[in-house]
Amino acid sequence: MSARRFFVGGNWKMNGDKESLGELITMLNTASLHDETEVVCGAPSIYLDYARSNLDPKIGVAAQNCYKVAKGAFTGEISPAMIKDCGVDWVILGHSERRHVFGECDELIGQKVAHALESGLGVIACIGEKLEEREAGTTEEVVFAQTQVIADNVSDWGKVVLAYEPVWAIGTGKTATPEQAQEVHEKLRVWIRENISEAVADSVRILYGGSVTGVNCKELAGQADVDGFLVGGASLKPEFVDIINARA
């Protein structure tokens, strides 16, 4: 098995309130979590301070987005500096919902990655193709292009985790088979080896995201180039513990 530390991110998206998130936090704090798995929970920005104050310190917290500058007249945005001021160390950038619901382009995502890293945050950088792109046979082209823009803005790969999320499998109940996930992850690692470096290809963690559940997580986790998960809906449920412990 890979020497890369298994990483499970929970993206709570725009869900929860203090009561329900408090119950989730209590569940995670009292659960038996695999010591060798790094766990990070992506909380809504308004609850970042609450999540960081109440989660066990061994569980990381991520913002779900940030802007590309430190401060200014950008109503509704939050900056890496603000995220860090809440004691939070991670941010999710380039999620398919940011790309396809809110219209964020590759260039903007790259700028956000650069600023977040310069500010000292770790970045969970998301990439992935839509259903029509997979059916057209352009998965690799799309994923490599998205990764290139991210790579152009990375100053420290030790602070970056890539999350491959086939858009057609997010929240649809459809999941890429373990073989489909492994195929894209393996090709992505080869691309990194050829276009960035051998060292980065060997060390960077590539997560799978797309309808991961307590049922399918173990088989997915057994793939050589799947280094963890970015989990949506299931991260709000008790089965999130099973997903965290997929390699236990």
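- Judged as a ring-ring contact (aromatic ring centres under 6.0 Å, His included), and not counting sequence neighbours, Trp168 has no contacts.
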Review point. Leu93 and Asn65: side-chain contact (heavy atoms from CB on, under 4.5 Å), yes or no, with the steps?
Key: CA-CA 6 Å; Leu93 292 173; Asn65 188 31; 3.8 Å; yes
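- Among Val88, Val39, Asp49, the single residue meeting the side chain to side chain contact (heavy atoms under 4.5 Å, CB included) criterion with Val61 is Val88.
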Practice item. Run the numbers on Arg193 and Asp202 for salt bridge (Lys or Arg N to Asp or Glu O under 4.0 Å), then give the verdict. Key: CA-CA 8 Å; Arg193 183 166 281 110; Asp202 289 340; 2.5 Å; yes
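- Heavy-atom neighbours of Glu132 CD from other residues, nucleotides or ligands within 6.0 Å: above the threshold of 12.
- A salt bridge links Arg99 with Asp106: at least one charged nitrogen is closer than 4.0 Å to a carboxylate oxygen.
- For the atom pair Phe240 CZ and Leu24 CG, the distance stands at 8.0 Å (nearest 0.5 Å).
- There is a path of hydrophobic side-chain contacts, each under 4.5 Å, that joins Ile206 to Val8.
- The hydrophobic clustering, which links ILVMFWY residues whose side-chain heavy atoms are closer than 4.5 Å, places Trp157 and Phe144 together.
- Summarising the geometry of Gly128 relative to Gln146, their closest heavy-atom pair is N-OE1, 2.8 Å, with the distance given to 0.1 Å.
- For Glu104, the salt bridge (Lys or Arg N to Asp or Glu O under 4.0 Å) partners two or more places apart in sequence, or in a different chain, are Arg98, Lys112.
- Taking the ring centroids of Trp90 and Phe7, they lie under the 6.0 Å cut-off.
- Under the side-chain hydrogen bond (donor to acceptor under 3.5 Å, both in side chains) criterion, Glu141 pairs with no residue, sequence neighbours left out.
- Going from atom CG of Leu188 over to atom CD of Glu183 covers 12.0 Å, rounded to the nearest 0.5 Å.
- By the side chain to side chain contact (heavy atoms under 4.5 Å, CB included) test, Glu118 is found to be paired with Ala114, His115, residues two or more places apart in sequence or in another chain being considered.
- Residue Ala116 comes nearest to Val123 through the heavy atom pair CB-CG2, 3.8 Å, listed as atom of the first residue, atom of the second, then distance.
- Asp17 and Ser20 share a donor-acceptor pair across their side chains, judged by distance under 3.5 Å alone.
- Hydrophobic clustering (ILVMFWY, side-chain heavy atoms < 4.5 Å, transitive): Leu236 and Val212 are in one cluster.
- Closest of all the heavy-atom pairs between Ser96 and Val167 is CB-CG2, 3.7 Å.
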**Study point:** CA sep, side-chain torsions, deciding dist, call: Lys187, Asp225, salt bridge (Lys or Arg N to Asp or Glu O under 4.0 Å)
**Key:** CA-CA 9 Å; Lys187 287 177 177 175; Asp225 289 290; over 6 Å; no
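- Under the side chain to side chain contact (heavy atoms under 4.5 Å, CB included) criterion, Glu36 pairs with His34, sequence neighbours left out.
- Under the 6.0 Å cut-off for aromatic ring centres, Phe229 and Phe6 qualify, their centroids lying closer than that.
- For Lys218, the NZ atom is densely surrounded, since the number of other residues' heavy atoms within 6.0 Å is greater than 12.
- For the atom pair CG of Asp227 and CZ of Arg5, the computed distance is 13.0 Å after rounding to the nearest 0.5 Å.
- From Asn153, atom CG reaches atom CD1 of Ile109 across 10.5 Å, with rounding to the nearest 0.5 Å.
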Please list every donor-acceptor pair under 3.5 Å in which a side-chain atom of residues 70-84 meets a protein atom from a residue at least two apart or in another chain.
{"residue": "Ser79", "atom": "OG", "partner": "Ala70", "partner atom": "O", "Å": "3.0"}
{"residue": "Ser79", "atom": "OG", "partner": "Ala81", "partner atom": "N", "Å": "3.4"}
{"residue": "Ser79", "atom": "OG", "partner": "Met82", "partner atom": "N", "Å": "3.2"}

Review point. When you look at Glu165 and His95, which way does the side-chain contact (heavy atoms from CB on, under 4.5 Å) test go after all the steps?
Key: CA-CA 8 Å; Glu165 299 192 304; His95 191 279; 3.3 Å; yes
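- We find the CG-CG distance between Leu33 and Asn245 to be 6.0 Å, quoted to the nearest 0.5 Å.
- To the nearest 0.5 Å, the span separating OG on Ser203 from CD1 on Ile192 amounts to 9.0 Å.
- Using the six-membered ring where Trp is involved, Tyr164 and Tyr208 have ring planes that are tilted, between 30° and 60° apart.
- Look at Arg52 and Asp85 and you find no salt bridge, because none of the NZ, NE, NH1 or NH2 atoms lies under 4.0 Å from a carboxylate O.
- Within 6.0 Å of the CG atom in Leu131, the count of heavy atoms belonging to other residues, nucleotides or ligands exceeds 12.
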